[in-house]
Each structure stands twice: as C-alpha cells, then as structure tokens.
Amino acid sequence: MTHTRRDLLAAVGGAGAAIAVASCSRRDEIDTNADVPLSADRQWRTALARSLPTEHDYRPRIEGTLPDGLKGRLYRNGPGLFERDGHRKRSLLDGDGMIQCFDFTAGGVRYRNRFVRTEKFVAEEQAGAYLHPTWTTRAPGFFANLGGHIPTQAGVATVIRDGQLLALDEAVPLYALDPDSLDTLGAFAFPDGVEMPGCKAHTKIDPRTGDWHLAATGYGRVLTLRWLVVGKDGAVKAQGAVESPRMTYIHDFLATERYLVFILHAVEFTPFAMLAGLRSFTDSLTWKPEQGNLILVIDKAGGEPAFFEAPAAWMWHALNAYEHRGTLVADFVGYDMPDHFISANPAFSSIMRGAEGEAAFPGTVRRYLIDLKAMSLREEDIDAGHHEFPMTDPRVALREHRYGWFACGPVGDWIFDGVARIDMKSGARDEFRFGPRHFVGEPIFAPRGGAENDGWILAQAQSGDTGLSFLAVFDAADLAAGPIAKAHLRHHAPFGLHGYWAARA
C-alpha cells in the first residue's frame with residue numbers, strides 16, 4: 001500500500017483532517033473487558049502470535065525419509081517480532097519480517113531464520129522501542145502517527161529475482177537479501193525510468209517467459225492502480241495506471257498471458273482519521289457488502305479497462321487465472337465477510353490478547369468466468385469448505401491449471417489443520433488433516449518431473465501438543481497418504497505467510 005502525507009492531504013483536505021481529530025471515535029482502542037479468554041485446549045494458538053527473537057542455524061531432526069530428488073531451498077516470510085519495550089502489535093498480520101530457510105541437500109536439511117534489516121527495523125532495534133506506525137498498529141505517541149506514512153516491514157512474501165532474495169510487504173522499498181547467507185543487502189533497484197511508488201506483496205511470474213508482474217496502489221484524490229511487467233532481462237515490457245472508481249484495499253491480483261484482473265472489494269477505505277493519527281490503516285477499512293465487488297480487467301497490450309459486477313466477496317489470495325476461448329477463468333479463495341479481519345472483534349486481533357474473536361465465515365474456493373465478448377461475469381462455487389493460501393504448480397502459472405493446493409480447516413474457525421488438493425475441473429478432493437491442535441500454513445509446491453501435479457508439497461505446521469513447529473513433506477499427488485517426512489524444529493515458529501521454492505540444479 002502506498003500513501004504519502006501530501007497525497008492524502010490532497011485527497012481529504014486539511015479541514016477534513018482537523019474535523020477527524022475532533023470527532024473520530026478511536027476504534028483501535030479495544031475494550032479488552034469484553035474479551036473472552038481462550039479455553040485451555042486452545043491456549044496453544046497464542047504461539048502463532050509469539051515472537052521468535054533468536055536467529056537460529058542448525059539441522060532439524062528428520063522423521064521419515066526425505067525424497068532423494070528434493071534438492072533446493074524453501075524460503076518463508078512472515079512477521080517474526082510482535083513487541084518492543086512493552087508495546088505489542090495489534091494483529092497477527094503485523095510484525096517485522098523474518099525469513100526462514102529450509103535448505104535441502106543430500107545430507108539432510110539445514111534451518112536458518114534471519115530478520116530483514118529494513119531501515120525501520122534497524123532504527124527501532126537501536127532505540128529498543130517502536131518508532132513507526134504499521135498497517136494495523138499505531139506508533140507510541142500521537143505525533144508519530146500524523147500524516148499516515150507507513151514504512152515497510154518486509155514481512156509478507158518472498159521471491160528470487162536477479163539472483164537476489166526479495167522480501168516484500170505492502171510498501172516500498174522491496175528489500176534484497178543474499179539467498180545464501182540471508183544477509184540484508186538493501187533496497188532492491190527497479191529498472192531505470194520505472195516509477196513504482198508502491199508495490200503489492202504478491203507478484204506473478206510467467207514460467208515460460210520469465211516476465212515478472214507487479215502491482216501497486218496509490219491513495220490520493222482517488223485510488224490509482226499501477227502495474228508493471230518486467231522481462232527476464234530486466235527491461236520493462238509494459239506498464240500502466242488506472243484510476244479506480246472506488247477507494248478500497250487490494251492485497252492480491254490475478255494475471256493471464258494477456259490480461260490482469262483486480263478485485264475491487266466491497267471495502268471502503270476512509271483516510272481522515274488515519275491522517276490525523278487516530279486510526280491505523282486497517283481500522284480505516286469498512287466492509288460494505290451492499291456495494292458488491294467490481295472486477296477490473298486490464299489488457300497488458302493497451303486499451304480501455306473493463307469493469308464487471310459481482311457479489312460482495314473478500315479475497316486475500318488468488319489461485320491462478322487463464323484464458324479459454326474468449327473467457328477469463330479466475331480462481332481464488334473468497335469470504336462472504338472478512339470477519340476474521342474486519343469486524344467488531346476480529347480473530348486476527350483478539351489472538352494477540354489470548355482471546356477468542358470473530359471468524360464465522362469460511363474461505364471458499366470460487367471461480368469467476370469473465371466473458372470478454374458478452375461483457376458478462378458468472379461466479380461459481382468450487383468447494384464450500386474452509387480454505388486459504390491457494391497454490392498451483394508454478395509451471396502452469398498464467399495458463400490453464402488442473403489442480404489447486406490449499407491449507408484447509410474446520411468451518412467457523414480461523415485455524416487450518418490440514419492440506420488439501422482440489423481438482424478444479426471435477427471438484428474431486430484429496431486431503432490430510434493433522435488434527436485439531438495444529439495450525440498449517442501455506443503449502444508450497446516443489447516440482448519434480450515435467451507434468452502438472454508431479455512434485456512435493458512442503459507445509460510448515462505448529463503443533464499444539466509439543467509447542468514446536470515442523471515442516472511436513474508430502475507427495476503432491478497423494479496428500480491422503482500423509483507426510484513422507486517431517487523436519488522437526490527445536491522451537492515454535494510464529495504465524496507465517498508466504499514462501500518460495502528455489503530448486504537446486
């Protein structure tokens with residue numbers, strides 16, 4: 001997300017900010033007396049919101065037998081530090097970025113974790129206290145929050161580009177790390193002449209061409225969507241900007257060989273109180289289901305963008321999209337309401353206080369069929385269970401896919417205790433569940449042969465029974481058989497977000 005004080009002030013005006021100072025209710029000051037503490041059998045969940053301040057380097061204990069062909073590195077990114085000087089982050093999604101690396105060689109697995117040394121992290125480490133606001137949490141002290149500037153925590157996703165391991169967040173700069181040592185190298189340099197004032201944490205890579213698709217949102221008088229396609233050689237192949245008809249928030253997007261697809265949620269972003277230092281960014285979001293979704297389709301070759309209406313649905317993450325006989329097929333995980341994130345007491349915030357929270361609406365697997373000739377959109381339900389962190393075989397990205405892999409869990413909860421593979425054509429389902437006292441993160445696909453579905457699924461899990469985390473290795477085509485092997489860590493790992501597999505030749 002990108003928003004400068006100058007741009008936002010231009011959008012709302014100094015008078016509006018002054019009114020907000022005087023009249024805004026402080027939604028981010030939660031009445032903890034209303035909290036319902038987690039029951040004894042659910043207390044283990046607080047480990048997901050507990051920092052991992054120590055940086056490790058060791059070989060985990062292996063249970064089972066690692067596949068001979070599994071050679072490479074799994075990088076994972078996510079918030080690793082939630083508090084300084086008695087000040088604690090307000091959401092599970094908010095914290096300084098920490099890269100974990102599982103290095104698979106013939107000798108086994110080596111585990112390391114390192115914090116991304118952003119400018120924010122270094123300054124706050126030296127001060128021993130939080131100095132800056134982040135997207136869910138205001139900084140200590142009123143004046144530190146004025147203007148709405150949010151520095152990157154580099155704690156959402158990771159990808160290798162130009163030989164550098166990148167740590168991405170909802171802002172710029174992207175931070176580059178050495179993929180071998182995990183040392184932070186500094187800000188990643190975009191190609192000359194590229195104006196990317198922001199960058200979404202999620203990017204798309206075309207496996208055939210190597211083209212890298214990036215998107216950004218800029219909040220000013222209106223919301224501006226910027227997009228960029230960078231070739232394998234680093235040259236800019238296409239770029240553009242579109243003014244959005246609504247002020248909203250976007251986390252992910254979809255791409256095909258020719259098109260980009262953005263879901264403009266039924267979420268309203270109101271910047272007045274954030275500018276005035278009274279609310280965080282996420283507390284400035286309001287769910288407006290009566291608005292429905294707007295689906296924006298952009299032709300990368302140029303031309304006017306197209307808009308389509310759809311029922312209200314919240315999308316954290318896209319699975320994949322492709323073109324089929326004049327129709328765009330866009331698969332994603334959608335929520336009828338994101339109560340786990342935007343509600344009176346969202347689960348992602350309550351867990352930081354060891355309390356229960358709202359998370360009644362499941363993430364269901366959905367499909368948009370966008371007919372570009374008839375200018376129509378139809379939504380289909382693929383699977384009504386509870387899912388998140390969708391993943392395809394990366395070799396079919398931007399083109400037709402058959403399968404999707406997901407973290408899955410019980411409906412009516414925000415916990416995922418298993419992994420599932422869904423045949424996106426037949427709806428057939430293959431899954432493995434670790435049990436109710438587990439949390440499973442994003443399943444990463446590590447390719448093996450040349451065909452889709454041939455490979456391994458790598459899924460990191462937190463055990464509520466041992467209090468420790470482990471990485472499970474599955475045959476991607478037979479999840480129900482259970483893990484082939486587990487790499488057991490000596491400690492817990494906090495709630496992780498996204499990962500990247502880098503095969504070794």
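Counting begins at 1 with the first residue of the sequence.
Side chains of Arg76 and Glu442 form a contact here, defined as non-hydrogen atoms less than 4.5 Å apart. Using a 4.5 Å heavy-atom threshold, the side chains of Phe121 and Val116 count as separate. Counting only heavy atoms from C-beta outward, the side chains of Ser244 and Leu264 approach each other to under 4.5 Å. For the pair Arg367 and Val329, the minimum side-chain heavy-atom distance is below 4.5 Å. No side-chain heavy atom of Arg161 sits less than 4.5 Å from a side-chain heavy atom of Thr203. Using a 4.5 Å heavy-atom cutoff, the side chains of Asp252 and Ile263 are not in contact. Looking at His213 and Leu398, their side chains come closer than 4.5 Å, going by heavy atoms from C-beta outward. In this structure, Leu48 and Ile351 have side chains that are not in contact, with every pair of non-hydrogen atoms separated by 4.5 Å or more.
Without hydrogens or angle criteria, Tyr219 side chain to Thr248 main chain gives a donor-acceptor distance under 3.5 Å. A donor-acceptor pair under 3.5 Å links the side-chain atoms of Asn77 to the main chain of Ala157, judged by distance alone. Side chain of Thr137 to backbone of Pro133: no donor-acceptor contact under 3.5 angstrom is found. Side chain of Lys237 to backbone of Trp212: no donor-acceptor contact under 3.5 angstrom is found. Judged by distance alone, the side chain of Asp85 and the main-chain N or O of His87 form no donor-acceptor pair under 3.5 Å. No side-chain donor-acceptor contact under 3.5 Å links Arg437 to the backbone of Gly435. Judged by distance alone, with hydrogens and angles left aside, the side-chain atoms of Thr118 form no donor-acceptor pair with the main-chain N or O of Gln153 at under 3.5 Å. Side chain of Gln43 to main chain of Leu38: a donor-acceptor pair is present (N/O by atom type, distance under 3.5 Å, no hydrogens or angles). Between the side chain of Arg366 and the backbone N or O of Gly334 there is at least one donor-acceptor pair closer than 3.5 Å. Counting only distance, with no hydrogens or angles, the side chain of Asp169 and the backbone of Thr152 share no donor-acceptor pair below 3.5 Å.
Across all their heavy atoms, Pro362 and Gly385 have their closest contact at CB-O, 4.1 Å. Scanning all heavy atoms of the two residues, the minimum distance from Cys408 to Ala420 falls at SG-CB, 3.9 Å. Closest approach of Ala318 and Leu254 over heavy atoms only: CB-CG, 3.5 Å. Between Gln462 and Ala493, the shortest heavy-atom contact is OE1-N, 3.8 Å. Smallest separation of non-hydrogen atoms from Ala154 and Tyr175: CB-CD1, 4.4 Å. Nearest heavy atom pair, residue Ile342 against residue Met337, reads O-CE, 4.0 Å.
Atoms CD and CZ, from Glu304 and Phe307 in turn, are 9.5 Å apart once rounded to the nearest 0.5 Å. Atom CG of Leu93 and atom OG1 of Thr282 lie 8.5 Å apart (nearest 0.5 Å). With rounding to the nearest 0.5 angstrom, the CG atom of Asp423 is 12.5 Å from the CZ atom of Arg429. With rounding to the nearest 0.5 Å, the separation of OH in Tyr130 from NZ in Lys120 is 5.5 Å. Expressed to the nearest 0.5 Å, how far CZ of Arg45 lies from CG of Leu92 amounts to 11.5 Å. Here the straight-line distance linking atom NZ of Lys300 with atom CG of Leu228 works out to 11.5 Å at 0.5 Å rounding.
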Give the intermediate values and the outcome of side chain to side chain contact (heavy atoms under 4.5 Å, CB included) for residues Arg84 and Glu125.
CA-CA 9 Å; Arg84 288 186 188 274; Glu125 186 177 49; 3.9 Å; yes
Please step through side chain to side chain contact (heavy atoms under 4.5 Å, CB included) for the pair Val365 and Ile422, ending with a clear verdict.
CA-CA 9 Å; Val365 182; Ile422 298 175; 3.8 Å; yes
Residues Tyr403, Met391; criterion side chain to side chain contact (heavy atoms under 4.5 Å, CB included); working and verdict
CA-CA 9 Å; Tyr403 302 101; Met391 176 66 58; over 6 Å; no
Might you work through the side chain to side chain contact (heavy atoms under 4.5 Å, CB included) test for Asn293 and Tyr368, ending with a clear yes or no?
CA-CA 12 Å; Asn293 282 0; Tyr368 285 152; 3.5 Å; yes
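Between the side chains of Thr136 and Asp94, at least one donor-acceptor pair of N or O atoms lies under 3.5 Å. Residues Ser51 and Glu83 have side chains that bring a donor and an acceptor to within less than 3.5 angstrom of each other. Residues Thr392 and Asn320 bring no donor and acceptor atom of their side chains to less than 3.5 Å of each other.
Sparse packing is recorded around CD of Glu309, with 12 or fewer heavy atoms of other residues, nucleotides or ligands lying under 6.0 Å away. More than 12 heavy atoms of other residues, nucleotides or ligands lie within 6.0 Å of CD in Gln291, so this atom counts as buried by the packing criterion. Crowding of Glu290 atom CD: a count of heavy atoms from other residues, nucleotides or ligands under 6.0 Å exceeding 12.
In summary, the aromatic rings of Tyr335 and His340 are positioned with their centroids under 6.0 Å apart. Ring pair Phe389/His498: centre-to-centre distance below 6.0 Å. Between Trp314 and Phe341, the distance separating the two ring centers is shorter than 6.0 angstrom.
Taking the charged nitrogens against the carboxylate oxygens, Asp299 and Arg258 do have a contact shorter than 4.0 Å, which makes a salt bridge. Salt bridge Glu268/Arg246: absent, no basic N to carboxylate O contact under 4.0 Å. The existence of a salt bridge linking Lys89 and Asp96 is excluded, since no basic side-chain nitrogen approaches an acidic carboxylate oxygen closer than 4.0 Å. Between Asp371 and Arg378 no salt bridge is recorded (no basic side-chain N to carboxylate O distance below 4.0 Å).
A cation-pi arrangement is not found for Arg226 relative to Phe262, the charged atom failing to lie both closer than 6.0 Å to the ring centre and inside a 45° cone about the ring normal.
Considering Trp501, Phe406, Trp405 in turn, Trp405 is the only one that fulfils the ring pair (Phe, Tyr, Trp, His ring centres under 6.0 Å) rule with Phe445. A ring pair (Phe, Tyr, Trp, His ring centres under 6.0 Å) with Tyr249 holds for exactly one of Phe269, Trp287, Phe281; it is Phe281. Just one residue in the list Leu177, Val172, Leu174, Leu168 forms a side chain to side chain contact (heavy atoms under 4.5 Å, CB included) with Phe188, and that residue is Leu174.
Here Pro410 pairs with Asp413, Asp417, Arg433 under the side chain to side chain contact (heavy atoms under 4.5 Å, CB included) rule; sequence neighbours left out.
Using cut-offs of 30° and 60° for the angle between ring planes, the His317 and His202 rings count as perpendicular.
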